[in-house]
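Working notes, beginning with the structure itself.
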Amino acid sequence: MGSLGEIVKNPDEIYSLLKLKMAVKSAEKQIHEQLHWSFCYSMLHKVSKSFALIIQQLGTQLRDAVCVFYLVLRAIDTVEDDTSIATDVKLPILKAFHQHIYDRHWHFSCGTKHYKVLVEEFHHVSIAFSELDRGYQMAIEDITKRMGAGMAKFICNEVKTVDDYDEYCHFVAGLVGLGLSKLFHNSGLEDMASDSLSYSMGIFLQKTNIIRDYLEDINEIPKCRMFWPREIWSKYVDKLEELKYEENSEKASQCLNEMVTNALFHVEDCLMYMSALRDNAIFRFCAIPQIMAIGTLALCYNNIQVFRGVVKLRLGLTAIVIDQTNTMADVYGAFFDFTSMLKLKIDKRDPNAAKTLSRIDAIQKLCRESGTLNKRKLYVVKNKSGFNAVMLFAIFIILAIILARIWSNWKNSY
């Protein structure tokens with residue numbers, strides 16, 4: 001649950017926070033009789049609690065396919081990310097990963113913490129994969145093969161141009177969007193979306209992660225990971241790592257703003273993709289991460305903390321998005337609100353200010369023209385009108401619970 005300070009400042013988020021906490025606990029307690037499925041869902045919760053939560057609402061067959069697909073992608077990503085693996089060892093693994101998913105005996109030692117366990121005990125994922133319908137298997141195999149080849153290409157090549165950047169994001173995330181579209185179509189619940197819209201769904205999320213994770217990637221040991229394209233960052237500094245130095249703060253912010261603006265070019269495709277979805281569970285599965293992404297970009301824009309530490313949406317706001325995202329009206333509303341927040345942060349002296357404003361205007365025009373902004377239930381920008389009686393009561397209950405626990409622990413210590 002969020003910190004007490006955040007709860008007091010945002011009391012309207014308490015209900016959604018409590019629902020989120022209970023939903024996570026409920027999902028974690030689900031029992032899978034077969035060992036391989038128990039491993040898969042347990043690992044899913046360990047590597048991504050939020051993703052595990054939104055997967056749970058999908059129908060059983062589709063849920064299992066998406067779970068396995070996600071773990072396969074996390075495993076190949078773990079191999080790619082481990083900079084301690086020699087290139088001559090890493091490349092064959094990446095290129096053959098689509099074959100490893102059929103091999104119940106394949107495993108490898110790399111990564112850290114839960115990711116290390118995932119790859120070392122990958123046979124559980126392979127067994128689960130073997131039980132999926134053939135249509136799901138073919139989609140996962142195809143995407144894994146293409147992704148592995150793309151990752152292998154960029155192990156040996158720097159991301160120099162914006163075109164390189166787009167190509168890399170296509171391989172590691174755009175293909176994920178296409179793979180999910182194939183799984184949705186194979187389930188019979190959705191029509192097959194166009195490749196270009198599917199790609200944008202993944203690329204938008206990937207570019208958001210690359211922007212947010214600058215500091216983690218640049219500080220990677222034993223060798224940094226560099227995904228920001230030289231064509232952009234070289235306008236501001238001589239070396240990418242120089243963006244984190246305090247003396248380069250102004251240039252770093254300008255570079256960051258250009259990266260955010262670049263990511264915004266995928267938003268309209270994402271909105272078009274989501275507006276065509278018919279199944280509510282699939283819609284929520286797709287919409288929640290997209291809203292989180294535009295919210296993260298709004299938070300990162302012109303925020304020097306990207307180069308100093310971790311920048312992410314507070315847990316209470318995340319809980320509200322997960323709880324209240326149900327319709328395209330909610331999506332349009334969230335994108336409109338977050339782009340409005342971003343717009344307020346634009347400095348007209350920024351070299352990309354005009355381009356950023358143009359992108360925001362185009363996105364907000366699409367949101368307004370949907371005619372649904374007044375029909376939504378999700379509001380990510382709150383009216384600061386003060387506490388109402390319900391919120392004050394909720395705070396009182398939470399404080400009472402905290403005090404009761406403190407008292408119980410104090411008594412037990414004597």
Side-chain angles (χ1 to χ4, degrees), residues 2-3 5-6 50 77 80-84 112 154 158-162 164-166 168-169 172-173 203-267 289 291-315 317-318 338-357 359-360:
S3 70
E6 288 183 348
S50 59
D77 189 55
E80 184 211 18
D81 283 349
D82 192 332
T83 55
S84 69
T112 60
F154 280 95
E158 179 191 356
V159 179
K160 294 180 179 178
T161 67
V162 172
D164 289 341
Y165 180 48
D166 286 338
Y168 173 75
C169 291
V172 301
I203 291 172
F204 181 60
L205 298 182
Q206 181 65 20
K207 287 188 173 182
T208 299
N209 291 341
I210 286 175
I211 291 166
R212 181 199 61 199
D213 294 340
Y214 165 85
L215 193 63
E216 178 185 339
D217 289 337
I218 210 69
N219 288 338
E220 178 73 16
I221 295 174
K223 181 182 177 183
C224 67
R225 299 195 299 262
M226 297 190 292
F227 303 116
W228 291 33
R230 178 182 290 271
E231 183 179 339
I232 290 180
W233 62 256
S234 63
K235 300 175 188 177
Y236 306 96
V237 288
D238 294 326
K239 296 179 180 179
L240 182 57
E241 59 264 30
E242 293 175 354
L243 291 172
K244 65 181 181 178
Y245 301 147
E246 192 170 346
E247 61 268 25
N248 295 324
S249 294
E250 182 178 0
K251 292 294 185 181
S253 293
Q254 291 174 349
C255 181
L256 170 63
N257 295 344
E258 184 169 351
M259 289 289 290
V260 172
T261 301
N262 172 278
L264 292 175
F265 277 89
H266 301 281
V267 169
I291 292 176
M292 299 300 295
I294 190 64
T296 299
L297 289 182
L299 196 61
C300 287
Y301 185 85
N302 212 24
N303 186 350
I304 198 63
Q305 287 304 311
V306 170
F307 305 99
R308 307 284 187 266
V310 179
V311 175
K312 62 181 181 179
L313 295 177
R314 66 180 182 274
L315 184 57
L317 184 53
T318 299
F338 278 128
T339 51
S340 296
M341 290 169 58
L342 196 157
K343 190 174 185 177
L344 292 173
K345 299 168 70 176
I346 297 175
D347 185 340
K348 292 183 179 180
R349 296 169 296 178
D350 185 276
N352 288 281
K355 188 181 292 186
T356 309
L357 283 168
R359 283 281 77 233
I360 289 175

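Everything numeric here is computed off the predicted structure, so don't read it as measured data.
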**OP:** Would you name the heavy atoms of Lys207 and Asp166 that are closest together and state the gap between them?
**Re:** NZ-OD1, 2.6 Å

Original post:
So which heavy atom on Pro229 is nearest to which on Thr161, and how close?
Top reply: CB-O, 3.6 Å

Original post:
Do Asp350 and Lys355 meet the salt-bridge criterion of a basic N to acidic O distance under 4.0 Å?
Top reply: no

Original post:
Just how far is it from atom CG of Asn248 to atom CG of Leu243, taken to the nearest 0.5 Å?
Top reply: 7.0 Å

Original post:
Looking at CG of Asn209 and CZ of Phe204, how far apart are the two atoms once the value is rounded to the nearest 0.5 Å?
Top reply: 10.5 Å

Any side-chain heavy atom of [X] within less than 4.5 Å of one from [Y]?
X	Y	answer
Met226	Ile218	yes
Tyr165	Ile203	no
Leu264	Ile294	yes

List for me each residue that meets side chain to side chain donor-acceptor pair (under 3.5 Å) alongside [X], sequence neighbours excluded, and say none if there are none.
X	answer
Arg230	Glu158
Asp81	none
Tyr168	Glu80

Original post:
Looking at Gln254, Glu258, Lys251, Glu242, which hits side chain to side chain donor-acceptor pair (under 3.5 Å) with Tyr236?
Top reply: Glu258

